[in-house]
Amino acid sequence: MTEVLLRAHDVSREFRTPAGVVHAVVGVSLEVRAGELVVVRGRSGAGKTTLLGMLAGADVPTSGAVERPTEPGETGYVMQTFGLVDVLSAAENVELPLRVVRTPSAERDERVRDALATVGLARHGHQRPAELSGGQRQRVAIARALVTRPRLLVADEPTGQLDSVTAGAVMDVLRELTRSGGVAAIVATHDPILVERADRVLDLHDGHLAEV
Ligand SMILES: Nc1ncnc2c1ncn2[C@@H]1O[C@H](COP(=O)(O)OP(=O)(O)O)[C@@H](O)[C@H]1O
Ligand SMILES: [Mg+2]
């Protein structure tokens, strides 16, 4: 059996709001193995972003636990809202995680070029996010998540801003990374282009997960 790179044990997340407690994610357990591309489907408000944030380590469960690779750069996270730094160019945004893991400068330049080329943005590295289209910004966010060559990729609606041809190309990149590169990927989407390339599809309803 291949290695399990992501495990969630009975993970729940509550939000306390003036209107009461929101049970955004309820008792979710799952495993994703090296080489697998798993899709999480669910309508708006189902809890996809809350769940993926916890899987990526950006948020902490109210109860339960997540196990993922722990070294810096081993998990790549594509946020639904992209999370780009406005005052940096696309290339500088993609470079940020390499600075965190202290990749030497010459290698950083090469990796950034490769990552931008992978998402079809080779000629846009100098542009700031405000000078890019929504779909281009989304692809910068994807390049930034891939640039450290993570073992685990967590991607929240990564094709939401892309036309179907570009979405298919991005999805082929993810498919290739998982199948040949042994990466584990978990992707939230309602995009049928992604669903048809998944190894497994999980449905999230009101915070509860069911395997399809
Ligand atoms: N920071 C927050 N504070 C309060 N409620 C939240 C917060 N984040 C998400 N929620 C609520 O949790 C539920 C799930 O949201 P979300 O995870 O964004 O769903 P999805 O990504 O599937 O659209 C929704 O009811 C949403 O309003
Ligand atoms: Mg969401």
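Both counts, for ligands and for their atoms, begin at 1 and track the order of listing. Here, residue 1 is the first one in the sequence, and each next residue gets the next number.
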Where do Arg137 and Ala130 come nearest, in terms of heavy atoms and distance? NH1-CA, 4.2 Å

Hey, are Asp199 and Arg175 close enough for a salt bridge, meaning a charged N less than 4.0 Å from a carboxylate O? yes

Can you check whether Thr75 reaches Pro150 side chain to side chain, under 4.5 Å on heavy atoms? no

Backbone of Glu92 reached by a side-chain donor or acceptor of Ser89 within 3.5 Å: yes

I'd like to know whether CG of Asp206 has more than 12 heavy-atom contacts from other residues, nucleotides or ligands below 6.0 angstrom. no

Test your reading of the model: is there a side-chain donor-acceptor pair from Arg149 to the backbone of Gly73, 3.5 Å cut-off? no

Less than 4.5 Å apart, any side-chain heavy atom of Gln161 and any of Arg139? no

Might you list the protein residues in contact with ligand 1, defined as having a heavy atom under 4.0 Å from one of its atoms, sorted by chain and number? Phe15, Thr17, Val22, Ala24, Arg43, Ser44, Gly45, Ala46, Gly47, Lys48, Thr49, Thr50

Please tell me if the side chains of Leu194 and Val187 come closer than 4.5 Å, counting only heavy atoms from C-beta onward. yes

Applying side-chain contact (heavy atoms from CB on, under 4.5 Å), run through Leu209 and Asp203 and close with a yes or a no. CA-CA 6 Å; Leu209 199 65; Asp203 268 329; over 6 Å; no

Sort by chain and number the protein N/O/S atoms that are closer than 2.8 Å to the Mg ion (ligand 2), and list them. Thr49 OG1, Gln80 OE1

